[in-house]
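The structure under discussion appears below in the form of C-alpha cells.
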Amino acid sequence: MKDLDSLKSEMIQKLMAADSLVDIEQLRIELLGKKGQVQALMKKMRDLSNEERPLFGAKVNEIKNEIDTYISNRVQELMKVEIEKKLASEKIDITLPEKSFKYGNQHPLTIMSEAICELFESMGYAVEEGPEVELDLYNFERANIPENHPAREMQDTFFVDVERLLRTHTTAIQTRVLEEQKDQLPIRVICPGKTYRRDEDDATHSHQFIQIEGLLIDENIKMTDLKGTLEVLAQNLFGEDQRIRLRPSYFQFTEPSVEVDVTCFNCKGSGCNVCKESGWIELLGAGMVHPHVLEMAGIDSEKYSGFAFGIGVDRAVMLKYGVSDIRSLYTNDTRLLAMFDRFD
Ligand code: DAH
C-alpha cells in the first residue's frame with residue numbers, strides 16, 4: 001500500500017511538470033491507457049490473497065479517479081491559456097482607418113423617372129408598365145394610327161415580325177391600360193418605359209430613349225385639369241416659380257392636342273440662347289384622349305373623358321442638368337454619371 005502512495009505522488013509530480021496539452025495527452029496514455037501504469041497495477045491483483053485484493057483494488061481505483069480528475073482540470077486550464085494566447089495574437093486594432101469604398105449612384109435617367117412616378121403616385125396615380133416588344137395593335141392601331149397612315153412615318157421603328165415591333169412610345173402602355181381597366185374606371189396611371197425609334201443617333205436623338213406616359217380617365221375631365229396637373233409637374237421638376245404654356249399641336253390619339261412649354265430655367269423667361277430668345281422651352285406632348293381611342297378600348301366616350309401626356313425623360317434630364325449630348329447618357333462614363341447623383 002505504501003508503494004501505491006508513492007507511485008501516486010510520482011504520477012502527480014509528472015503531471016505537474018507537463019505544461020502543454022500534447023504532454024498531458026501523452027501522460028494520460030502512459031498512466032491511464034490500456035497498457036498504462038494503472039492498468040498494470042490492476043493486473044497485479046491476480047497475484048494477491050483474497051484479503052488483500054479488495055483493499056488493493058479500492059486504492060488503485062482511487063488513484064485512477066484522482067489522476068483522471070487532475071487531468072481533466074489541467075486540460076481545461078491549458079485550453080483556457082491557449083485561447084487567451086490566440087485572442088491576444090489575433091487582436092484587431094479597431095482604431096485603424098477603414099478601407100475606403102467607392103459608392104455608385106443611380107443613373108440620372110432612373111433618378112428622373114422615379115421622381116416623376118413618385119410625384120404622380122403622391123397624387124393617387126398607379127405605376128403601370130408594358131412590354132417593350134409590343135403588338136402593332138397597341139402601339140399604332142389603338143392609338144388611332146391605322147395601317148398605311150402617314151403618321152407612322154414619324155415613328156419608324158424596329159419590327160420583330162409583321163405584327164410585333166419595339167414600341168415607339170409609351171402611348172402603347174396607355175392603350176393597353178385603357179383596355180385592361182375599361183371596367184374599373186376612373187383610371188389614373190403613370191407609365192414609365194424604354195422606347196425605340198429608327199433614328200440616326202446625334203446630340204439630341206437616340207434610337208433608344210425613355211418616356212413616361214400619364215393617363216387620367218373619369219367623368220367630366222377637362223383641359224383645365226390637364227393644365228393644372230402639368231403645372232404641378234413642371235414646378236416639381238424645375239422649381240416653384242415655373243409656369244407652363246400650351247400650344248396647339250397634333251397627335252392622332254388626342255383631340256385637342258397640345259405641345260407644353262415650360263419657362264426657360266436659364267433666363268426665367270426673359271430670353272437667352274438656351275431658349276432661342278423665346279423665354280420658353282418645349283417639354284412634352286399632351287391632350288384630351290381622342291373619343292375614338294376610348295371607344296376602341298371599349299369605354300363609353302359620351303360618359304367618360306380624360307387627358308394623357310407623354311414626357312421624354314432624356315429630354316427632362318438634359319434640360320434639368322444641362323447635358324448637351326443625349327449620347328452621354330448612354331455611354332455610362334461614371335465621371336459624368338456621378339455628377340448627377342440626386343434629383344435636386
Ligand atoms: N406619344 C407621343 C410621342 O411619343 C407623346 C404624347 C403626346 C403622348 C401626346 C401622349 C399625348 O399621351 O397625349 O411623341
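For clarity, every value in this text was computed on a predicted model and none was experimentally measured. Remember, it's 1-based here, ligands and their atoms both numbered in the order they're listed.
Using a non-hydrogen distance threshold of 4.0 Å, Met154 does not register as a contact of ligand 1. Ligand 1 lies less than 4.0 angstrom from a heavy atom belonging to Arg197.
Within ligand 1, the atoms closer than 4.0 Å to a non-hydrogen atom of Gly287 are 13 (O), numbered from 1 in the order shown. Distances below 4.0 Å separate heavy atoms of Gln211 from the following atoms of ligand 1: 3 (C), 4 (O). Residue-ligand proximity, Thr254 to ligand 1, at heavy-atom distances under 4.0 Å covers atoms 13 (O).
Close N/O approach between Ala308 and ligand 1 is found [any backbone or side-chain N/O within under 3.5 Å]. For His169, a nitrogen or oxygen atom sits less than 3.5 Å from a nitrogen or oxygen atom of ligand 1, counting backbone and side chain alike. In terms of polar-atom proximity, Glu213 is counted as a contact of ligand 1, with an N or O under 3.5 Å from an N or O of the ligand.
Around atom 6 (C) of ligand 1, the closest heavy atom drawn from Phe253, Phe307, Phe209 belongs to Phe253.
When the side-chain contact (heavy atoms from CB on, under 4.5 Å) test is applied to Ser72, no partner is found at least two apart in sequence or on another chain. Scored by the side-chain contact (heavy atoms from CB on, under 4.5 Å) test, Leu78 finds Leu21, Ile24, Arg74 as partners (sequence neighbours excluded).
Using a 4.0 Å cut-off between heavy atoms, Ala286 contacts ligand 1 through its backbone alone, with no side-chain atom that close.
Ile173 and Ile311 fall into different hydrophobic clusters, defined by Ile, Leu, Val, Met, Phe, Trp and Tyr side-chain heavy atoms under 4.5 Å apart, directly or through other members.
Residues Glu66 and Thr69 bring no donor and acceptor atom of their side chains to less than 3.5 Å of each other. Defined by atom type and a distance below 3.5 Å, a donor-acceptor pair is missing between the side-chain atoms of Gln174 and Tyr138. Residues Gln211 and Thr195 have side chains that never bring a donor and an acceptor to within less than 3.5 angstrom of each other.
Of the protein's heavy atoms, Gly310 CA, 4.2 Å lies nearest to atom 5 (C) of ligand 1.
Side-chain contact between Ile29 and Glu25 is present, with heavy atoms from C-beta onward closer than 4.5 Å.
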